[in-house]
Amino acid sequence: MNDKFLNGNEAVAYGVLLAKPHVVAAYPITPQTKAVEKISQFVQDGDLDCEYMHVESEHSAMACSIGASSVGARTFTATSSQGLLYMLECLPYASGARLPIVMMNANRAIATPWNIYGDQMDIMYALNSGWVQLFVEDAQEALDVTLQAFKLAEHKDVLAPVVVNLDGFVLTHTYEKVSIPASSEVDAFLPPIAKYDHIMSDEHPMSMCISAGNHQNQGFKQLQHEALFNAEGVFETIEREFSTQFGRAYGGAVDSYRMDDAEIAMLTTGSVTGTARVVVDELRREGIKAGLIKLRMVRPFPTKRLLEVVADLKGLVVFDKNVSFGYEGTIFTNVNSALMQSGKMLKVENVIGGLGGRDIPHHEIKSAYMNLIDKKNSKQVRFSDEEVTA
Amino acid sequence: MSQKLNVRNITENEYFYGHKACGGCGESLALRLALKVLGDEAYLSLPAGCMAAVSFIYPNMAFKNNAIITPFASTAAVTTGVEAGLRALGKKKPLAVGFAGDGGTADIGIQALSGAIDRGEKFIYICTDNEAYMNTGIQKSGLTPFGAATTTTPAGREIRGNINFKKNMFEIVAAHGITYAATASIGYLDDMINKIQKAKDADGPSYIHIYAPCPTGWGCGSEISVDLGKQVVDNGLWYLAEYENGEFKVNRNPDTFEPVAPYLKRQGRFKHLEESDITMIESIRDQKWEYIRNNWV
């Protein structure tokens, strides 16, 4: 192992280097660019022996990935925002054909208004694409989860593509000390990709991405749906293996912080977790029993695990860095559905913030917690900063 | 250099059978013959379109080869992805082949095709051109010729059929400096299969544009598809040519052309054309041939 001072993009690039993909197909888009630049540098320097495809669009980045993965190559791509939306059509081809492609997405705002800064509006469009959706909090986690993502995608009980989400700029461009595992250790953790029955090969010619009529189509979708649920348990197992080997653990699909005796809590995805952690410590010093739930996996949705964590809570606020226009934050919708299934009556609120890179200050996180106690604001769904400054 | 192919030495093996294409389908004939040249080592990528629709109807698969349906815009991208994947996995000379219709090539797929040629990877792209979106019900594409009636350019009271001219994919592709490109027709199969063989041997990207009549879309008898493929070459509305080593070459340069009217009148899509339309079609043909003879011969 050795330590390097890296931003989140570079940390993912080191993860890709260590995962030794056969094919990388990528198109540059802010704020993902540093990741694909770093990977191309590895290739140009001869440090990474892979086919780097300089594609002309994100749509082709995913199409090339589908082609490469359909013959059994370990394949990586990266995108962001409008690029993700542009390749969106291809995402269900990959998941429907059960191709274990891994992608990094630098979470970014969606036009218009044009904005290059971070929020999670982009990936919410892909929620129904059949991809496993993971979110990370910092650069170290980004590297580690990149390695785990290949193992997860390629697991025989999953065989689904995986997207690793990093908040644009806050994670992609912020430098941290990152521990880089030794290549030999990664090889032990992540063996070469297996040969699957459903890929094209000289030995067993195959028709892929077939058409299925109105009677059979649903059966394929049901099988895909069931397999995606397997991803949660497999992810937990992979994390335990990772922890044993590398000494770092992240808590599986749902990580909790000071939740043992918590009465109120916030649920976060991605980088805002760091700020919320500081607020929890402060509230605890003030005698308030606050906790934090970090949702690391949004598809499959870890309903059972979440319900265990919230079992003794009196109030929960869900922080969404996205909004489904005309309704509420998408994570909130998902959390509410899970709570409803448990029959547990719990005070739940939704705070939407950080859109287009808008600052999420400490005091707004704190007031979101305090509102669960004080109930100063009666709105169940609201923006973190209600002032409209357009 | 491979031996010259003809009806006597081409393989009797079949790689594409049991499909659901219409009787007299020019595309399925081109695809069947192309696979006889390419063999079972070819990995095929086909976008949404007739050939995908008639070949992958679960659980009945019509290809003996490896074959994948691609997103509509992505024939060339998936093809090169397959090639890169096979190469990265250690296969010495992977043969990745894209098959797309005129819409999948000249309209929605042109960007991916351009990008793939630009990357210079070894792949073969075959466009089977039936001059409209046949699988969705005969709508105008970028390769629909002047005057043709389609369901989106019908012969109306005000506008008679398609008033745009056919995009020239062969020259667009050649302008990329592609390793090998050619035009062909199912009316001249010897010429077609030898061009596919050349594409197979080419050390870089190659493109074959095959004129492939569609009885359903064109409103003609299924027994005259091959004949129309001959007639269109003989009357000069389609030319057989190659682009190789930076040079254009014409394979057939007839002294005189057959008249275009008999060809047009055999097809329902042109039956509304008036004398002046036919004269215009002939004059555009003559201009094109003047250019060809001045520059390529």
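Quick note on labels: first sequence line is chain A, next is B, and so on, each numbered from 1.
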Quiz item: Do B:Lys64 and A:Pro205 come within less than 4.5 Å of each other through their side chains, counting heavy atoms only?
Solution: no
Quiz prompt | Within-4.5 Å side-chain heavy-atom neighbours: A:Ile210 and B:Ile69 | solution = no
Self-check item: Close side-chain approach of A:Ser70 to B:Val82, heavy-atom, < 4.5 Å
Solution: yes
Self-check item: Heavy-atom donor-acceptor pair, A:Ser211 side chain to B:Phe56 backbone, under 3.5 Å
Solution: yes
Self-check item: N/O donor-acceptor pair under 3.5 Å between B:Asn66 side chain and A:Met200 backbone
Solution: no
Quiz item: Which bit of B:Glu83 is near chain A, if near means a heavy-atom gap under 4.5 Å: side chain, backbone, both or neither?
Solution: neither
Quiz item: Under a 4.5 Å heavy-atom cut-off, does chain A meet the side chain of B:Lys91, its backbone, both or neither?
Solution: side chain
Exercise. State, to 0.1 Å, how close B:Gly81 and A:Met53 come at their nearest heavy-atom pair, and which atoms those are.
Key: N-CE, 3.8 Å
Quiz item: Going by heavy atoms in the side chains, are B:Thr80 and A:Cys64 under 4.5 Å from each other?
Solution: yes
Exercise. Determine the option with the most heavy-atom pairs under 4.5 angstrom with chain A, choosing from B:Gly85, B:Ala88, B:Ala67.
Key: B:Ala67
Quiz item: Which one, A:Ala61, A:Gly213, A:Ser207, leads in non-hydrogen pairs under 4.5 Å with chain B?
Solution: A:Ser207
Practice problem: Select, from A:Ser57, A:Ala63, A:Ala25, the one with the greatest count of heavy-atom pairs under 4.5 Å involving chain B. | Solution: A:Ala63
Exercise. Give, as side chain, backbone, both or neither, the part of A:Ala212 having an atom under 4.5 angstrom from any heavy atom of chain B.
Key: both
Quiz item: Counting only heavy atoms not in A:His204, do more than 12 sit closer than 6.0 Å to its NE2 atom?
Solution: no
Practice problem: Just give me the residue among A:Cys50, A:Ala73, A:Cys209 that pairs up with chain B most often, heavy atom to heavy atom, under 4.5 Å. | Solution: A:Cys209
Quiz prompt | Contact check, side chains of B:Ile68 and A:Ile66, non-hydrogen atoms, under 4.5 Å | solution = yes
Quiz prompt | Close side-chain approach of A:Glu56 to B:Arg119, heavy-atom, < 4.5 Å | solution = yes
